[in-house]
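Step one of this worksheet: look at the structure below.
Because the structure is a prediction, the values reported are computed rather than measured.
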Amino acid sequence: MNGPLVPRSDFPLLAAHPELSYLDSAATSQKPASVMDAIREYYTNANANPHRGAYRLSGAATDAYAASRAAVANFLGVADSDTMLFTRGTTESLNLLATAWGRANVKAGDRVVVTRLEHHANFVPWQQLALEAGAEFRIAELTADGAVDMAGLARLVTPNTKVVAFAHVSNALGTVNDVPAMVRIAHGVGALAVCDGAQAVPHLSVSVDALGVDAYAFSGHKMLGPMGIGGVVVRRAILEQMPPYQMGGDMISRVGDERTTWNVIPHKFEAGTPNVEGAVGLGAAVRYLAGVGMAAVHEHETGLGALAAERLAALEGVRVLPSGGVRSNGVVSFVVDGVHPHDLSQILDAEGICVRAGHHCAQPLMRSLDLAATTRASFYLYNDAQDVERLVTAVGGARKRMGY
Ligand code: PLP
């Protein structure tokens with residue numbers, strides 16, 4: 001665990017900037033050369049508009065896109081790969097569900113339930129859907145150790161609840177939720193179980209089929225892939241009955257003057273020219289992660305997270321926020337007495353340490369913790385114990401600089 005799990009030289013940015021300790025992978029990860037190479041190879045040998053041309057090059061683009069869908073679905077433990085829709089990422093995936101499924105299924109008097117841990121991407125779309133529909137919007141609160149209060153959640157999920165939306169892993173605290181238990185609560189009343197997997201897929205071995213969720217969203221850029229690509233896995237039966245999200249090219253079967261019929265899944269939900277470059281890059285990213293092994297990734301970053309949490313908590317004036325009782329991933333959120341997180345992150349930046357400071361797109365959570373912001377360090381497979389040491393030394397030094 002002392003060294004990185006993979007060579008930093010696999011990652012061109014880290015190789016070009018040996019002075020950096022990049023501790024913001026929960027926001028976005030660095031990219032291995034193999035992802036960049038796959039994109040270059042695609043543009044060199046297979047670029048054309050897919051699904052549209054009768055010529056061979058267009059066929060190559062179509063094949064590259066389809067192969068990436070199969071690779072990503074396989075990585076996610078999804079047997080029916082056509083139920084994995086490509087989107088721009090978690091945000092678009094959750095908006096797709098709240099808009100297409102939500103408007104068709106949530107009515108006045110229904111209830112929509114989320115948790116206090118949610119990123120705004122899994123909070124605001126459901127809140128706005130409830131407001132539009134005249135439905136009740138309820139938030140399951142947390143226990144003192146930063147876990148979702150499961151008894152409280154069960155009480156909120158009443159027979160009129162149509163959807164329960166929850167994170168697999170919290171981006172702000174690092175809490176790992178008991179997804180199967182949450183699914184059981186949702187399904188107990190026939191509600192849709194929607195899981196935000198943005199912080200889980202890059203870090204855990206995830207089998208979406210085994211989790212039993214109805215929908216599962218994720219982002220490519222947090223898992224070594226490019227920005228602007230991600231996806232959502234949705235049960236086929238739900239996709240069949242759900243209206244399209246966006247209308248345009250490729251998602252239609254027949255466009256009449258009066259009526260239009262829809263293409264088959266997944267095309268029904270992928271209007272317009274798709275992000276083939278992104279899909280190809282994401283395909284290369286999951287090949288890289290699968291080669292390393294997700295169990296090893298998880299063990300490595302959990303070790304670094306636990307070490308960082310222990311060492312930071314031992315510093316005077318530093319409080320590490322709880323992450324659901326056990327520290328089971330590489331996200332460590334903390335506050336330092338007398339040093340605003342933004343100042344701290346600038347001080348750390350001057351020493352080459354990249355961390356996140358702010359509300360982490362989780363204002364409802366921050367309000368409940370009575371904090372405006374925290375500093376968050378997040379570890380990944382290219383980090384090592386030296387990164388932890390640099391962080392701890394710099395945080396200790398920052399307090400001294402502020403006169404403590
Ligand atoms: N959900 C969680 C838990 C996240 O951490 C993030 C990004 O930080 C998102 C959703 C939104 O992801 P994206 O910006 O890639 O759409």
Side-chain angles (χ1 to χ4, degrees), residues 22-30 72 75-77 87-94 114-124 142 146-148 165-179 182 193-208 211 213 215-225 227 229-233 282 285-286 289 294-295 297-306 308-309 321-334 355-356 358-366 374-383:
Y22 184 74
L23 304 181
D24 197 20
S25 295
T28 199
S29 68
Q30 296 304 333
V72 176
F75 180 77
L76 291 170
T87 64
R88 280 167 50 228
T90 307
T91 302
E92 186 171 55
S93 296
L94 295 165
V114 301
T115 87
R116 184 59 74 183
L117 279 177
E118 299 317 307
H119 186 283
H120 296 159
N122 201 28
F123 191 100
V124 184
L142 306 184
V148 174
F166 50 85
H168 191 162
V169 177
S170 152
N171 65 308
L173 298 182
T175 306
V176 181
N177 281 325
D178 183 347
V179 174
M182 290 174 152
V194 175
C195 188
D196 170 353
Q199 296 293 341
V201 176
H203 308 289
L204 305 171
S205 179
V206 172
S207 168
V208 176
L211 286 172
V213 291
Y216 194 93
F218 63 97
S219 293
H221 68 97
K222 295 181 194 289
M223 52 189 286
L224 311 184
M227 291 191 177
I229 189 78
V232 61
V233 181
L282 183 54
V286 300
L289 285 172
M294 291 312 291
V297 171
H298 184 236
E299 189 186 330
H300 179 76
E301 61 179 65
T302 301
L304 293 176
L321 297 183
S323 79
V326 271
R327 191 153 300 276
S328 45
N329 67 14
V331 172
V332 181
S333 239
F334 58 97
V355 294
R356 201 77 174 170
H359 53 61
H360 314 297
C361 296
Q363 287 180 4
L365 170 65
M366 292 292 142
T374 75
T375 304
R376 180 188 72 187
S378 52
F379 299 91
Y380 210 3
L381 69 184
Y382 36 65
N383 294 122

- Item | Neighbour count above 12 (heavy atom, 6.0 Å) for Arg88 CZ |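 No, CZ of Arg88 has 12 or fewer neighbouring heavy atoms, counting only those of other groups under 6.0 Å.
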Note, [X] side chain near [Y] side chain (heavy atom, < 4.5 Å):
| X | Y | result |
| --- | --- | --- |
| Val114 | Asn122 | no |
| Leu289 | Leu381 | yes |
| Gln30 | Tyr380 | no |
| Leu142 | Thr175 | no |

Is a side-chain N or O of [X] found less than 3.5 angstrom from the main chain of [Y], in a donor-acceptor match?
| X | Y | answer |
| --- | --- | --- |
| His298 | Ser328 | yes |
| Ser219 | His221 | no |
| Lys222 | Ser25 | no |
| Arg116 | Pro364 | yes |
| Ser333 | Arg376 | no |

Out of curiosity, [X] [atom1] to [Y] [atom2], how far, rounded to the nearest 0.5 Å?
| X | Y | atom1 | atom2 | answer |
| --- | --- | --- | --- | --- |
| Tyr22 | Thr28 | OH | OG1 | 5.5 Å |
| Met182 | Leu211 | CE | CG | 12.0 Å |
| His120 | Cys361 | NE2 | SG | 6.0 Å |

With distance as the sole criterion, is a donor-acceptor pair present between the side chains of [X] and [Y] under 3.5 Å?
| X | Y | result |
| --- | --- | --- |
| Thr374 | His360 | yes |
| Glu118 | Thr115 | yes |
| Tyr382 | Ser29 | no |

Taking all atoms of both residues into account, what is the closest heavy-atom pair of [X] and [Y], and its distance?
| X | Y | value |
| --- | --- | --- |
| Ser207 | Gly77 | OG-O, 3.8 Å |
| Asn177 | Ala167 | ND2-O, 2.7 Å |
| Ala285 | Met223 | CB-O, 3.4 Å |
| Gly146 | Leu117 | O-CD2, 4.1 Å |
| Val169 | Gly174 | CG1-O, 3.9 Å |
| Val331 | Ala26 | CG2-CB, 4.4 Å |

- Task: Just do the side-chain contact (heavy atoms from CB on, under 4.5 Å) check on Phe218 and Val208 with the steps written out, would you?
- Result: CA-CA 11 Å; Phe218 63 97; Val208 176; over 6 Å; no
- Can you list the steps and then say if Val206 with Met294 is a side-chain contact (heavy atoms from CB on, under 4.5 Å)? CA-CA 9 Å; Val206 172; Met294 291 312 291; over 6 Å; no
- Sequence neighbours left out, what pairs pass side chain to side chain donor-acceptor pair (under 3.5 Å) with at least one residue falling in residues 194-204? His203-Glu301
- Message: With side-chain contact (heavy atoms from CB on, under 4.5 Å) as the criterion, how do Asn329 and Leu204 come out once you've worked through the C-alpha distance, each side chain's angles and the decisive distance to 0.1 Å?
- Response: CA-CA 9 Å; Asn329 67 14; Leu204 305 171; 5.5 Å; no
- Query: Do the ring planes of His168 and Tyr216 sit parallel (below 30°), tilted (30 to 60°) or perpendicular (above 60°)?
  - Reply: perpendicular
